There are 2 protein chains.
Amino acid sequence: MIKRSVQRELIRNNLAHRTDHPTADMVYQSIREELPNISLGTVYRNLRFLVDQGDALSLKLGDGKEHFDGNVNPHFHFICTQCGCVDDIFMPSIDEICTTASKYYSGDIKGHSTYFYGTCPNCKTKH
Amino acid sequence: MIKRSVQRELIRNNLAHRTDHPTADMVYQSIREELPNISLGTVYRNLRFLVDQGDALSLKLGDGKEHFDGNVNPHFHFICTQCGCVDDIFMPSIDEICTTASKYYSGDIKGHSTYFYGTCPNCKTKH
DNA sequence: GTGTTTGCAAACCGTTTGCATGTCC
DNA sequence: GGACATGCAAACGGTTTGCAAACAC
């Protein structure tokens, strides 16, 4: 039986209202401003919980840290190789890509994640 | 100035002749059979070297370990969520996907990685 | 009351690094 | 001989976990 907790609701809410694809520590630092006694372990446990429940996405961007995304609708991600920021890219064919891949693979394809790498608009204007 | 070493050539060769997308430790165990004194640090250093040189790909599959791919030609990857195996998927549109994404994003997109998740043919037949 | 969640701190584990030694050119 | 590479072991950093106390229902 799942019980409510202030910590979990704060974490769920924090993730739902930000679009910067934070790491566990970023969520921890943010929550600590309103609940100073929360522990990092609790943040990790609840982020894992949310991912397992399907209420958050786990992103592996290649920087050695796990990032989290409160937007569970299928979409692509862009990672800036200069500043490390992560943006969402919504474009059509997001469903077709699996269908196409299925034709080239004999197993069952149920999901996918696509990361684009390059220079974000902000870093681009700095040169 | 880059110097040759037996260790580096063995690692490069090992990666080139396998398609199972091994972790550093898997390469280490494999090389140790012919060169028992090689150290794990050397394997890590040389895999990083090969990736930096563009002679190997680094894959973040979500299992917390870095995987390596000696095939640097652009292709998609399939990861079995049951056994964890990794297969290559070669299909068209691999170049188009960046072009399409560029139309939906104002930054410079220079590369991408796409992982498909599901059940591999081997695990599928077990049920 | 019973089973879940928390805070804390230690453990874990993949990876990196410092350093003395060895190797290539 | 000088720059680069290695082996070893310790350090590092993100994440997980064991446990007693606190909490939800």
Side-chain angles (χ1 to χ4, degrees), chain A residues 1-15 20-53 55-70 79 84-86 115, chain B residues 1-15 20-53 55-70 79 84-86 115:
Chain A
M1 183 232 278
I2 295 167
K3 297 184 179 174
R4 304 170 110 267
S5 79
V6 175
Q7 290 86 341
R8 182 175 298 157
E9 291 315 305
L10 280 176
I11 291 166
R12 188 195 305 272
N13 207 49
N14 186 273
L15 209 53
D20 60 348
H21 309 77
T23 61
D25 192 66
M26 288 165 72
V27 172
Y28 172 59
Q29 298 301 341
S30 175
I31 304 261
R32 222 147 67 111
E33 291 174 12
E34 29 184 342
L35 196 69
N37 282 338
I38 196 171
S39 77
L40 187 54
T42 296
V43 173
Y44 271 105
R45 266 186 295 242
N46 279 300
L47 287 172
R48 179 76 30 241
F49 176 88
L50 292 176
V51 169
D52 290 346
Q53 296 267 321
D55 291 338
L57 292 182
S58 165
L59 311 178
K60 333 283 168 161
L61 308 179
D63 63 351
K65 300 170 216 158
E66 187 171 9
H67 290 245
F68 299 90
D69 191 346
I79 299 109
C85 74
V86 187
Y115 304 114
Chain B
M1 182 231 278
I2 296 166
K3 297 183 180 175
R4 303 169 110 268
S5 78
V6 176
Q7 290 86 342
R8 181 175 298 158
E9 291 316 304
L10 280 175
I11 290 166
R12 188 195 305 273
N13 206 49
N14 186 273
L15 209 53
D20 60 348
H21 310 76
T23 62
D25 192 67
M26 288 164 73
V27 173
Y28 172 60
Q29 298 300 342
S30 175
I31 305 260
R32 222 146 67 111
E33 291 176 10
E34 28 184 342
L35 195 70
N37 283 338
I38 196 171
S39 77
L40 186 53
T42 296
V43 173
Y44 271 105
R45 266 187 295 243
N46 279 300
L47 286 172
R48 178 76 30 238
F49 175 87
L50 292 176
V51 169
D52 289 345
Q53 296 267 321
D55 292 339
L57 292 182
S58 164
L59 311 179
K60 332 282 168 164
L61 308 179
D63 63 351
K65 300 172 215 160
E66 187 171 8
H67 290 246
F68 299 90
D69 191 345
I79 299 108
C85 74
V86 187
Y115 303 114

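For clarity, every value in this text was computed on a predicted model and none was experimentally measured. Letters A, B, ... are given to chains in the order of the sequence lines, protein chains preceding strands, and every chain is numbered from 1.
Between A:S5 and C:dT6 there is a side-chain polar atom (N or O) within less than 4.0 angstrom of OP1 or OP2. Residue B:Q7 places no side-chain N or O under 4.0 Å from the OP1 or OP2 atom of C:dT23. Side-chain nitrogen and oxygen atoms of B:T42 include at least one within less than 4.0 Å of the OP1 or OP2 phosphate oxygen of D:dG7.
Closest to the side chain of A:R45, out of C:dG7, D:dC4, D:dT15, is C:dG7. Checking D:dC4, C:dG7, D:dT15 against every side-chain atom of A:E66, the shortest atom distance belongs to D:dT15. Of all nucleotides listed (D:dC19, D:dT15, C:dT15), D:dT15 comes nearest to the side chain of A:Y44. Distance from the side chain of A:R48 is smallest for D:dT16 among the nucleotides C:dT6, D:dT16, D:dT6. When each of C:dG7, D:dT6, D:dC25 is scored by its nearest atom to the side-chain atoms of A:I38, the top-ranked nucleotide is C:dG7. Comparing atom distances between the A:L40 side chain and each of D:dA5, D:dT15, C:dT6 picks out D:dT15 as nearest.
The structure places CD1 of B:I31 at 11.0 Å from CD of B:Q29, a figure rounded to the nearest 0.5 Å. Separation of atoms CG (A:L47) and CZ (A:F68) is listed at 4.5 Å; rounding is to 0.5 Å. Between the CG atom of A:D25 and the CD atom of A:E66 there is a distance of 13.0 Å, given to the nearest 0.5 Å. Going from atom OG1 of B:T42 over to atom OH of B:Y28 covers 9.5 Å, rounded to the nearest 0.5 Å. Between the CZ atom in A:R8 and the CD atom in A:Q53 there is a gap of 7.5 Å [rounded to 0.5 Å]. Rounding to the nearest 0.5 Å places CG of B:L15 at 11.0 Å from CG of B:N46.
Contact annotation: side chain of A:K65 to base of D:dG13, donor-acceptor pair absent below 3.5 Å.
Taking atom OH of residue B:Y28 and atom P of nucleotide C:dG14, one finds them 13 Å apart after rounding to whole Å. Distance CG (B:L10) to P (D:dA5): 16 Å, rounded to an integer number of Å. Straight-line distance from the CG atom of B:L35 to the C1' atom of C:dG22: 14 Å, rounded to whole Å. Computed from coordinates, the B:R32 CZ to D:dG7 P distance equals 12 Å when rounded to whole Å. Between the CZ atom of B:R8 and the P atom of C:dT23 there is a distance of 16 Å, rounded to whole Å. Between the NZ atom of A:K3 and the C1' atom of D:dA24 there is a distance of 5 Å, rounded to whole Å.
Summary of the strand contacts: B:P36 and B:I2 both lie near DNA chain D, and taking for each the nucleotide with the nearest heavy atom, the more 5' one is attributed to B:I2. A residue-by-residue look at A:I11 and B:M1 shows that A:I11 has its nearest nucleotide of DNA chain C further toward the 5' end. Mapping A:A24 and B:V6 onto DNA chain D via the closest heavy atom, the residue that lands nearer the 5' end is B:V6.
Among the duplex regions that DNA chain C forms, those built from at least three successive Watson-Crick or G-U pairs under 3.5 Å are C:1-25 with D:1-25, ordered by first number.
Defined by atom type and a distance below 3.5 Å, a donor-acceptor pair is present between the side-chain atoms of B:S58 and B:K60.
Residue A:D25 is out of contact with every strand shown, counting any heavy-atom pair closer than 4.0 Å.
Contact between A:L59 and A:Y115 at its shortest, heavy atoms only, is CA-OH, 3.6 Å.
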